[in-house]
Asks: 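Here it is: the structure, laid out below.
A quick note: this is a predicted structure, and the numbers were derived from the prediction, not measured. Position 1 is the first residue of the sequence, and the numbers go up from there. What you see below is based on every heavy atom in this structure, not just the backbone, and it leaves out hydrogens, waters and symmetry mates.
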Amino acid sequence: QVQLVESGGGSVQAGGSLSVSCAASGLTFSAYVIAWFRQAPGKEREFVARISWNGGNTYVADSAKGRFTISRDNAKNTVYLQMNGLKPEDTAVYSCAAARSYTGLKAPDYWGQGTQVTVSS
């Protein structure tokens, strides 16, 4: 049974930092690209960042560029999202997703349950 489990969300004031993690089990982790998405209340799900199979290639959406960093540790089957300079508009449920390819991220094979990040002004 494949599981993606996010952790590390919480509440922080604007300008602060949080790191969220996505721990995977039940799959060959290094065979998957991993992405972070977020969804705020009343809004559509938004892509945040993605990382290649070995972590050598990353991409961060413009809304988070320069503030968020995605990384992975294949020995620990875990992907991280370091979020600095948080803004109230970053408030959302953050979910990780796994797919075999970048194209596959349009309809990921697996999703985590999400973790809440709340940024107060």
Asks: Are side-chain heavy atoms of Thr28 and Ser30 found at a separation under 4.5 Å?
Replies: yes
Asks: Quick check: closest heavy atoms across Gly114 and Ser95, and the distance to 0.1 Å?
Replies: CA-OG, 3.4 Å
Asks: Between Gln116 (side chain only) and Gly9 (backbone N and O only), is there a donor and an acceptor less than 3.5 Å apart?
Replies: no
Asks: When you compare the side chain of Ile70 with that of Trp36, does any pair of heavy atoms fall below 4.5 Å?
Replies: yes
Asks: Using only heavy-atom distances, determine whether the side chains of Asn57 and Arg50 contain a donor-acceptor pair under 3.5 Å.
Replies: yes
Asks: Working to the nearest 0.5 angstrom, can you tell me the gap between Leu27 CG and Arg100 CZ?
Replies: 8.0 Å
Asks: Measure the shortest side-chain to side-chain distance between Ser52 and Tyr59 over non-hydrogen atoms and say whether it is less than 4.5 angstrom.
Replies: no
Asks: Could you list the donor-acceptor pairs under 3.5 angstrom formed by side chains in residues 40-48, with sequence neighbours left out?
Replies:
residue: Glu46; atom: OE1; partner: Arg38; partner atom: NE; Å: 2.8
residue: Glu46; atom: OE1; partner: Arg38; partner atom: NH2; Å: 3.3
residue: Glu46; atom: OE2; partner: Ser63; partner atom: OG; Å: 3.2

Asks: Which pair of non-hydrogen atoms, one from Val79 and one from Phe29, has the smallest distance, and what is that distance?
Replies: CG2-CZ, 3.5 Å
Asks: Evaluate whether atom NZ of Lys106 has more than 12 neighbouring non-hydrogen atoms of other residues, nucleotides or ligands under 6.0 angstrom away.
Replies: no
Asks: Any side-chain heavy atom of Val20 within less than 4.5 Å of one from Met83?
Replies: yes
Asks: If every non-hydrogen atom of Leu18 is compared with every non-hydrogen atom of Gly8, which pair is closest and at what distance?
Replies: CD2-O, 4.1 Å
Asks: Is there a donor-acceptor contact under 3.5 Å linking the side chains of Ser17 and Asn84?
Replies: yes
Asks: What's the spacing between Ser25 OG and Gln1 CD if we round to 0.5 Å?
Replies: 7.5 Å
Asks: Which distance, rounded to the nearest 0.5 Å, do you find between the CG of Asn77 and the CD of Gln3?
Replies: 12.5 Å
Asks: Is a side-chain N or O of Thr103 found less than 3.5 angstrom from the main chain of Ser101, in a donor-acceptor match?
Replies: no
Asks: Taking the side chain as everything from C-beta on, heavy atoms only, tell me whether Phe68 gets closer than 4.5 Å to Asp90.
Replies: yes
Asks: Looking at OH of Tyr80 and OG of Ser7, how far apart are the two atoms once the value is rounded to the nearest 0.5 Å?
Replies: 9.0 Å
Asks: With side chains defined as the heavy atoms from C-beta onward, is the minimum distance between Thr91 and Val117 less than 4.5 Å?
Replies: no
Asks: To the nearest 0.5 Å, tell me how far Trp53 CH2 sits from Arg72 CZ.
Replies: 9.5 Å
Asks: Mark yes or no for whether Ser19, through its side chain, and Gln82, through its backbone, hold a donor-acceptor pair below 3.5 Å.
Replies: no
